[in-house]
Structure formats: C-alpha cells, structure tokens
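Accompanying notes for the structure given below.
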Amino acid sequence: MIFLKTEEEIELLRKSNLLVGQTLAEVAKIIEPGVTTLQLDKIAEEFIRDNGAVPTFKGFPNHLGQPFPGSLCTSVNEVVVHGIPNDIPLKDGDIVSVDCGTYMNGFCGDSAFTFCVGDVAPEVKQLLQITKESLYKGIEQAVHGHRLGDIGYAIQSYAESYGFEVVREFVGHGIGKEMHEDPQVPNYGIRGRGKQLKKGMCIAIEPMITQGNREIGIENDGWTVRTLDRKCAAHFEHTIAIGLHSADILSSFEFVEEVLRKKGY
C-alpha cells in the first residue's frame with residue numbers, strides 16, 4: 001500500500017533526511033587513503049545518536065543471513081551496495097559509496113553519496129559524475145501525473161548513453177515511517193508505464209550504475225553485492241516528495257559538497 005504524506009509528515013521526513021546529509025558530511029571530512037570503513041561507521045553512528053536519532057541500517061534483518069552489523073553501508077570499488085564496514089584501509093584511487101539511514105521523530109531518512117579516495121582514474125570519476133547526474137534526471141520526472149517508468153527511463157537512458165549499465169536487481173523505494181515502503185522505484189523502465197505518481201508520495205531514488213557489465217552477485221555474508229566483472233559501480237540517492245510541478249528533495253548533498261570543496265575536490 002502506498003501512503004501519501006501530509007505536509008506535516010513531509011517536514012518530519014525532511015528533518016530525518018537533512019540529518020543524513022549532515023552525517024555524510026561528517027564522514028566526508030575523514031575519507032582519505034589509510035582510513036577504514038569501520039572508522040567511518042563509528043563516526044556516523046556517534047553523530048546520528050548525538051543528534052537524537054538512531055541509525056536505521058544497524059540490525060536491519062536479512063532473510064539471507066545475519067542482521068546488518070553497521071550504521072552505514074560502505075561499498076568500495078566493485079561493491080554495488082550493502083558493503084559491510086570493515087578494518088581494511090581505503091587506498092589511493094578507490095571509490096566508496098556511503099549509504100546512510102536515520103530514524104527520528106517517527107520518520108526515516110535515506111541518502112547515499114559515492115566518494116573519491118585520493119587520486120581516482122578519470123574514467124571512474126566519469127562514472128561517478130554520470131551516476132549523480134542520472135539521479136537528477138530521474139528527479140526531474142518525479143512530479144504529479146507522471147509514472148514510475150518515466151523516472152526509470154530518464155535514469156537508464158542517460159547512463160546508457162555514456163556506455164554505463166544499470167543494475168536491475170536493486171531499486172529505489174517508498175519511504176516514510178518505514179525505511180522501505182511501496183512502491184518500488186526501478187532505475188530502468190519505459191516512459192508512460194508503471195504506477196502513477198501523486199502529490200504526497202515520498203520515494204527514495206537511487207541509481208546504481210556499473211562501469212562494465214550490470215550483472216551482480218551476492219557474497220556469502222548475505223549482504224555484499226559485487227559486480228561479476230569486478231569493475232566499479234557508483235551509487236547516489238536522494239529522498240524526495242512528489243510535487244505538482246517539481247519534486248521536493250528532502251535530503252541534501254550540500255553539506256557533503258561544502259566539505260569536498262574545502263578539501264580541494
């Protein structure tokens with residue numbers, strides 16, 4: 001069932017999502033070669049809890065294995081999504097996708113950003129740029145009266161025009177009092193197809209784009225999703241509310257991008 005949100009509920013969602021953006025910025029401050037994703041996770045959890053929220057990912061159940069052990073999903077290089085924080089130092093030239101969720105005042109926040117670690121190859125930087133741009137192409141279609149296929153088509157056609165591929169097995173989702181609500185929001189599709197979008201729907205749009213083949217596999221831990229060809233993948237995500245004429249982006253990259261500017265990226 002799809003739940004349409006009131007203006008008051010959307011503002012509560014905005015608060016949770018802005019905290020996600022601020023948490024990602026705290027993480028961005030320390031991303032560099034030699035830092036571990038466990039260190040990123042520790043900083044994120046402390047920041048979330050210090051601000052009166054809880055990390056929604058920690059302890060999240062999984063029918064394939066154990067509950068998720070971290071507060072962040074930290075996906076390095078060929079890991080598409082759901083990377084478990086670990087004690088392996090990040091290396092110069094790596095990329096790391098950081099997905100973060102919060103729960104505060106009865107509503108969830110969810111957003112993701114893929115970071116460069118040190119000096120990253122130009123073709124990988126392009127993957128990040130196009131994935132992020134494809135997210136905004138999808139958001140442009142997230143208005144009352146359009147359909148889910150319009151969002152997916154916009155993302156897919158843009159990414160594929162640059163020779164990249166779109167992961168099919170993992171998609172965006174509705175969001176509200178629960179982190180995952182209806183409807184599912186694919187990053188591929190046909191214009192004019194799928195559920196019709198209505199004002200008050202709140203969804204997380206999150207393109208997962210691969211440098212090579214889109215085929216993926218899940219590791220024995222039941223969480224880690226890797227590209228089969230071991231080429232890089234990128235992941236960017238915003239939570240948005242469907243509006244009459246434009247989408248209202250409830251999460252924010254502004255905090256992260258300010259940190260990155262100060263670091264010279």
Side-chain angles (χ1 to χ4, degrees), residues 16-60 62 65-104 108-121 124-125 127-128 131-132 179 206 208 219-227 230 232-237 251-265:
S16 294
N17 278 282
L18 289 177
L19 179 58
V20 173
Q22 291 164 341
T23 304
L24 291 173
E26 292 300 306
V27 168
K29 291 176 182 178
I30 71 160
I31 289 179
E32 62 182 25
V35 170
T36 71
T37 52
L38 266 178
Q39 289 174 279
L40 304 183
D41 192 72
K42 182 175 184 293
I43 282 176
E45 180 170 0
E46 289 178 353
F47 186 79
I48 291 168
R49 294 189 186 279
D50 286 348
N51 281 276
V54 296
T56 48
F57 295 174
K58 192 157 193 175
F60 197 82
N62 182 0
Q66 297 297 313
F68 195 75
S71 297
L72 298 175
C73 294
T74 52
S75 304
V76 179
N77 295 334
E78 79 275 8
V79 179
V80 181
V81 284
H82 303 161
I84 297 173
N86 59 44
D87 60 1
I88 300 171
L90 295 169
K91 303 186 303 298
D92 186 61
D94 284 344
I95 59 172
V96 55
S97 300
V98 181
D99 193 356
C100 179
T102 61
Y103 181 80
M104 183 171 65
C108 295
D110 193 5
S111 183
F113 195 97
T114 302
F115 296 92
C116 294
V117 182
D119 189 17
V120 171
V124 178
K125 285 183 178 179
L127 169 68
L128 271 60
T131 303
K132 186 179 177 186
M179 184 166 64
E206 49 178 322
M208 289 153 268
E219 301 290 290
N220 291 333
D221 59 28
W223 287 106
T224 308
V225 178
R226 296 182 191 272
T227 58
R230 296 302 190 256
C232 287
H235 178 206
F236 287 85
E237 176 182 17
S251 48
S252 176
F253 292 158
E254 291 180 7
F255 306 108
V256 167
E257 289 167 348
E258 177 62 25
V259 171
L260 296 180
R261 279 193 294 271
K262 290 179 178 178
K263 292 177 73 173
Y265 282 97

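Throughout, residue positions are numbered sequentially from 1 according to the sequence presented. Just so it is clear, the structure is predicted and the values come from calculations on it, not from any experiment. For the numbers below, each heavy atom of this structure counts, side chains included, while hydrogens, waters and symmetry mates do not.
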Excluding sequence neighbours, so at least two apart, what forms side-chain contact (heavy atoms from CB on, under 4.5 Å) with D221?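 Testing D221 for side-chain contact (heavy atoms from CB on, under 4.5 Å), a comparison that skips the adjacent residues, returns I84, E219, W223, T224.
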Listed by chain and number, what are the side-chain contact (heavy atoms from CB on, under 4.5 Å) partners of Q66, not counting sequence neighbours?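 In terms of side-chain contact (heavy atoms from CB on, under 4.5 Å), with neighbours along the sequence ignored, Q66 is linked to no residue.
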Check: [Y] main-chain N/O paired with [X] side-chain donor or acceptor under 3.5 Å:
X    : Y    : result
D119 : G93  : no
S71  : D41  : no
S16  : M104 : yes
K263 : A28  : yes
N62  : G222 : yes
T56  : Y103 : no

When rounded to the nearest 0.5 angstrom, what is the spacing between [atom1] in [X] and [atom2] in [Y]?
X    : Y    : atom1 : atom2 : value
T36  : L90  : OG1   : CG    : 7.5 Å
K42  : Q39  : NZ    : CD    : 9.5 Å
T114 : L127 : OG1   : CG    : 8.0 Å
N17  : C108 : CG    : SG    : 9.0 Å
F253 : L260 : CZ    : CG    : 11.0 Å
S251 : L24  : OG    : CG    : 9.0 Å

Please tell me if the side chains of [X] and [Y] come closer than 4.5 Å, counting only heavy atoms from C-beta onward.
X    : Y    : result
L40  : I30  : yes
D99  : D110 : yes
C100 : I48  : yes
F47  : P55  : no

Where do [X] and [Y] come nearest, in terms of heavy atoms and distance?
X    : Y    : answer
M179 : F60  : CE-CE1, 3.4 Å
A25  : V259 : O-CG2, 3.8 Å
T131 : F236 : CG2-CD1, 3.7 Å
I95  : A233 : CD1-O, 3.5 Å
V120 : C116 : CG2-CB, 3.5 Å
L18  : F255 : O-CE1, 4.0 Å

How about CD on E258, more than 12 heavy atoms from neighbouring residues, nucleotides or ligands closer than 6.0 Å, or not?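 Atom CD in E258 is packed in, count exceeds 12.
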Just checking N220: does its CG atom have more than 12 heavy atoms from other residues, nucleotides or ligands closer to it than 6.0 angstrom? no
Enumerate the residue pairs fulfilling salt bridge (Lys or Arg N to Asp or Glu O under 4.0 Å) with a member in residues 66-83, sequence neighbours excluded, ordered by first and then second residue.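 Output for this query lists E78-R226.
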